[in-house]
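What follows is a set of notes on a single structure, which appears directly below.
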Amino acid sequence: MVVRIFENRRAVSQACATLIAAQVIRKPESVLGLATGSSPVGTYQQLIEWYQQGLLDFSQCISFNLDEYIGLDESNPCSYHAFMKEELFNHINMKSFFLPNGNAKNLGVECRRYDKAIAAAGGVDLQLLGIGRNGHIGFNEPDSHFVKGTQVVSLTQSTIEANRRYFDSEDQVPKKAISMGIGTIMSAKEIILIAMGEDKADAIYKAVKGKISPDMPASSLALHPHVTFLVDQAAASRL
Ligand code: F6R
């Protein structure tokens, strides 16, 4: 595992965008794994800028997002579908992009379909991750075991509170989501995790220096052969 520490949030975003751009330049038909939340927004802004300047072309790229809430319509501005369109896909020429369908009639079937679609695309070349304050990756919350495939998850109270900022009230925050499992995430050929801010310092410390345990989902990444953590000084303050 490589850990790179940057002065601030902006520098993390720049470094992350640079690595994604390098991936797309090296392999134009890349399969990208993407994340929502506040952490990747600066990265997406930089990628959009480079695309608009004609420096990047996503026309052969496809992407799979980590997760989606259950029960929100795709057009709901709080859905991850809407987030990704607003923050990235409306502004670049991505060939196609996929998120789990949180409104599928049979959610179990949808989870299996999503894993099969990723495998059929050849697997994820580069997976981008944020990290929750409790160490979650995707919506894999602390658990007694590492979950293999895409699954329906119940969000913990701390995650519901963290996501409250995007909704009018806590009641409106969905309590369940579909998320790639730890096994799905670990099957990516390369992984980049980004973290900014002091409230991530504890999770980063445990993920990098702690024992590998399902009660700290991000600790599983230590077993992956090609992982890079890009963190700002605040998130690295306990290392
Ligand atoms: C998002 C996701 C989550 C977030 C994490 C950090 O698709 O799967 O694991 O990456 O909750 O969120 P932010 O970046 O908002 O602090």
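Excluded from the calculations below are hydrogen atoms, water molecules and symmetry mates; all remaining heavy atoms, backbone and side chain alike, are included. In what follows, residues are counted from 1 in the order of the sequence shown. Both ligands and their constituent atoms are indexed starting at 1 by order of listing.
- Not a single heavy atom of E68 sits closer than 4.0 Å to an atom of ligand 1.
- Here the protein heavy atom with the shortest distance to atom 10 (O) of ligand 1 is G130 CA, 3.3 Å.
- At under 3.5 Å, a nitrogen or oxygen of S39, whether backbone or side chain, sits near a nitrogen or oxygen of ligand 1.
- With respect to atom 11 (O) of ligand 1, the closest heavy atom belonging to the protein is H136 NE2, 2.7 Å.
- With G135, G138, P40 as candidates, the residue nearest to atom 3 (C) of ligand 1 on a non-hydrogen basis is G138.
- Considering backbone and side-chain N/O atoms, D67 comes within less than 3.5 Å of an N/O atom of ligand 1.
- Looking only at atom types and distance, the side chain of E49 has no donor-acceptor partner in the side chain of Q45 under 3.5 Å away.
- Results of the ring pair (Phe, Tyr, Trp, His ring centres under 6.0 Å) test with Y69 over F167, Y166, F83 single out F167 as the only residue that passes.
- At the shortest separation from atom 1 (C) of ligand 1 among protein heavy atoms lies T36 OG1, 3.1 Å.
- When L66, V41, I131 are checked for heavy-atom proximity to atom 6 (C) of ligand 1, I131 turns out nearest.
- Checking D171 against S169 by side-chain atom types alone, no donor-acceptor pair falls below 3.5 Å.
- If you look at M84 next to ligand 1, there are no close heavy atoms at all, none under 4.0 Å.
- Checked by atom type, the side-chain pair H81/E68 shows a donor-acceptor distance below 3.5 Å.
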Walk me through whether N103 and D73 qualify under side chain to side chain donor-acceptor pair (under 3.5 Å).
CA-CA 7 Å; N103 287 307; D73 194 80; 4.6 Å; no

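- Judged by distance alone, the side chain of H224 and the main-chain N or O of A188 form a donor-acceptor pair under 3.5 Å.
- The closest approach between K200 and ligand 1 falls below 4.0 Å for a heavy atom of the residue.
- Panel note: side chain N8, backbone D232; no donor-acceptor pair is recorded below 3.5 Å.
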